[in-house]
Colleague: 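Questions regarding the structure given below will be posed in turn.
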Amino acid sequence: MSDPAAAPAEGASDFIREFVKEDLASGRYASVRTRFPPEPNGWLHIGHTKAFNLSFSVAREFGGSCNLRFDDTNPEKEDQSYVDAIKRDIRWLGYEWGENEFYASDYFEKLYQYAVMLIRKGKAYVDDLSDEQIREYRGTAVPDRNNITMTPPGRDSPWRDRGVEENLDLFARMREGEFPDGSRTLRARIDMAHPNLNMRDPVMYRIKRETHYRVGDAWCIYPMYDFQHPLSDAMEGITHSLCSLEFENHRPLYDWFIRECEAFPSRQIEFARLNITYTVLSKRWLQRLVSEGLVDGWDDPRMPTLSGLRRRGYTPEAVRDFLSRIGLAKTNSMVEIQLLEHCLREDLNKRARRAMAVLKPLRLIIENWPAGTVEQLDAVNNPEDESAGTRRIPFSGELWIERDDFAEVPPPKYFRLFPGNSVRLRYGYIVTCTGFDKDPATGEITAVRCTHDPDTRGGNAPDNRKVKGTIHWVSAAHAVPIEARLFEHLFPNERPMEVPAGVDWVSTVDRGSKQVVGGWGEPCLADAAAGDSFQFERLGYFCLDPDSRPGKPVFNRSVSLRDSWAKIERKQA
RNA sequence: UGGGACGUAGACAAGCGGUAAGUCAGCGGUUUUUGGUUCCGCCAUUCGCAGGUUCGAACCCUGCCGUCCCAACCA
């Protein structure tokens, strides 16, 4: 407890770490053990990372350990595939749990014995009330004249005072499968007048004939969260059980079960869950996006799932950096997605190789280029990392440039290509625009013409004249065709869940949030492997998608570069 | 005539009775062969509001206001 090694390594500090420190100092606990308890009924999203990053980090910082425990007590929706996906995603973010992998379903027998213990103590009883009756007896909330919700005290179930022996017998027969689904429950005997609804004799067990993905048909009664969770924590010797705010109302119950079962006194501490603008962080909502085909599956790069972020090109480092920046508190908060994007840019800027690619191609013809000549030019792979080295790029008399980099009539402050103006072709030559070709029928610019200054090879002018603009390009004869998938936020609204009455939030999904375009890339892009990240100069960061085929790489735009020109344009408009 | 929490800048968030950190966003400028990056400035006389205690209050007390959560045999 006076061990200096117990101090947080990274200097992270928040109210939970304060509590942990106090608990160690006071001797309440001798060491730290946390847990991350996902239910295997869906994919992990970035909201979950806040929770498991916290529990794993706190454990590590205080020299303890963190268990991965699957909270699999509802066989209806759980499946092994989710277990596998969850494990894969946690590892991806960089956490390992070694031998500490547990399943609440492994505790079914022990939990049953705890329930028997509570029955013997007169603290639990078998109830014959139906679910509707239970709800009614619990006390239905009614709006008063000020429309404030109030809840009258509940009434005792007529079965509440059954004798211990009868309860024991009935509970055993529930387990044996003598009663139909839903016909009886085991309830904790606490206080039907308690102001906290959770304390009004919560259900501990329900009868449900459903095959469980791990224990099969061994059980037809399954424990409820409120009973199972504290005892699972206790059995694992969890000291600090960290969970989100909505469980605050359950803490008295959590403590009650542990106390009455005389189990290890785990401490539950709640914190605010993560919300991010322009997206939704709820399994149910994400599930709907998938099932209604609004996205291309759980790993669609627009999804906030870890598999989606990974496919989008997010790195574990960027996600962890994000988590370290959002802080930890009990205030309900909505983090701007710009912060997440900033973290990605910052990470990729240091690590991603640069490459040139043109996404809205326009032909550039260098009129004074010696016909048939091809030159190999040197290019830096990453100006932020000298060790990344250099590469050669072919240059010739016909190039692809970005359509946005030419203007027939330049707007104010535009310093790209327009008739009479000079720009530098990155790593190439300084060229001067001599004209352009236009389709007389459509008015579309079909090619831009220019001359190059042979003395500026590499981009430097011997006379040191300054050229304001530098644009990217790809040699037409050497370009590899690429597909680029450009993503925008899934929702146009900062808070997609807050829709006007009568509007289905699903209808607000931006159908144009995924845009597929064809373009041209420099030759090195043909050799990219799935998952490789590049910065396409002046455009953004792109990650090779597994949909790529030989000769046809597909790139997902992870995030665009900051674009101050776009801001100027916006102001001018 | 319910219970549990939370209110510090546009968004997060430090602050723990001694006179408002930091980050993102935004704005202005610097550097730059990416309108990227870097770097430098600016951005809360005030902490939901009103009283009170104190030499001194974002921090303590009282009242009020606002927001969130709770009425699954889900977790």
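Computation of the quantities below employed the complete heavy-atom set of this structure, encompassing side-chain atoms and omitting hydrogens, waters and symmetry-equivalent molecules. A note on names: the letters A, B, ... follow the listed sequences, proteins ahead of strands, and every chain is numbered from 1.
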Colleague: Do A:D201 side-chain atoms and A:I190 backbone N/O form a donor-acceptor pair below 3.5 Å?
Modeller: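 Flag set: sc A:D201 to bb A:I190 pair under 3.5 Å.
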Colleague: What is the distance, to the nearest angstrom, from the CZ atom on A:R424 to the C1' atom on B:U32?
Modeller: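 Rounding to the nearest Å, CZ of A:R424 and C1' of B:U32 are 10 Å apart.
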Colleague: Looking only at side-chain N and O atoms, does A:T73 come under 4.0 Å of OP1 or OP2 in B:A75?
Modeller: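 So the side-chain polar atoms of A:T73 do come within 4.0 Å of the phosphate oxygens OP1 or OP2 of B:A75, strictly under.
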Colleague: So A:R416, base contact, sugar-phosphate only, or nothing? Heavy-atom distance under 4.0 Å.
Modeller: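 Touches a base.
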Colleague: With a non-hydrogen cut-off below 4.0 angstrom, is A:T277 in contact with a base, only sugar-phosphate, or nothing?
Modeller: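 Nothing, no nucleic acid heavy atom in range.
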Colleague: Counting just side-chain N and O atoms, does A:R206 come under 4.0 Å of either OP1 or OP2 of B:C74?
Modeller: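 Affirmative; the distance criterion is met.
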Colleague: What is the distance, rounded to the nearest whole Å, between atom CG of A:L253 and atom P of B:C69?
Modeller: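 Distance check: A:L253 CG to B:C69 P gives 20 Å.
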Colleague: Any side-chain N or O of A:R562 below 4.0 angstrom from OP1/OP2 of B:G26?
Modeller: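 A:R562 to B:G26 OP1/OP2: side-chain N or O found under 4.0 Å.
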Colleague: Assess the pair A:Y254 and A:H250: is the distance between their ring centroids shorter than 6.0 Å?
Modeller: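 Distance test on ring centres: not under 6.0 Å, no.
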Colleague: Using the side-chain heavy atoms of A:S564, tell me which of these nucleotides is nearest: B:G35, B:A75, B:G7.
Modeller: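 Closest nucleotide among those given: B:G35.
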Colleague: Flag the pair A:F534 / A:Y541 as yes when their ring centroid distance falls below 6.0 Å, and as no otherwise.
Modeller: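 No, ring centres 6.0 Å or more apart.
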Colleague: Please tell me if A:K208 has a side-chain N or O lying less than 4.0 Å from either OP1 or OP2 of B:C74.
Modeller: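 For A:K208, the contact criterion (side-chain N or O under 4.0 Å from OP1 or OP2 of B:C74) is met.
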Colleague: B:G35 base stacked by A:W565? Criteria: ring centres under 5.5 Å, plane angle under 30°.
Modeller: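 Here A:W565 meets both the 5.5 Å and the 30° conditions.
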Colleague: Does B:U34 have its OP1 or OP2 closer than 4.0 Å to a side-chain nitrogen or oxygen of A:H472?
Modeller: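 False: A:H472 side-chain N/O out of range (4.0 Å or more) of B:U34 OP1/OP2.
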Colleague: Would you kindly give the CG-to-P distance between A:L328 and B:C12, to the nearest whole Å?
Modeller: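 My rounded result for the distance is 14 Å.
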Colleague: Is it the case that A:S55 and A:T34 place a side-chain donor and acceptor less than 3.5 Å from each other?
Modeller: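 No, A:T34 and A:S55 have no side-chain donor paired with an acceptor closer than 3.5 Å.
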Colleague: Any side-chain N or O of A:R184 less than 4.0 Å from the OP1 or OP2 oxygen of B:C73?
Modeller: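 Answer is no, no contact under 4.0 Å.
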Colleague: Is there a side-chain polar atom (N or O) of A:K567 under 4.0 Å from OP1 or OP2 of B:G26?
Modeller: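 Looking at the OP1 and OP2 atoms of B:G26, one of them is under 4.0 Å from a side-chain N or O of A:K567.
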Colleague: Check whether any side-chain N or O of A:R138 sits under 4.0 Å from OP1 or OP2 of B:C73, and answer yes or no.
Modeller: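 Indeed, a polar side-chain atom of A:R138 lies that close.
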Colleague: Evaluate side-chain hydrogen bond (donor to acceptor under 3.5 Å, both in side chains) for A:R187 paired with A:S157, printing each intermediate quantity in order.
Modeller: CA-CA 10 Å; A:R187 290 233 256 166; A:S157 163; 5.0 Å; no
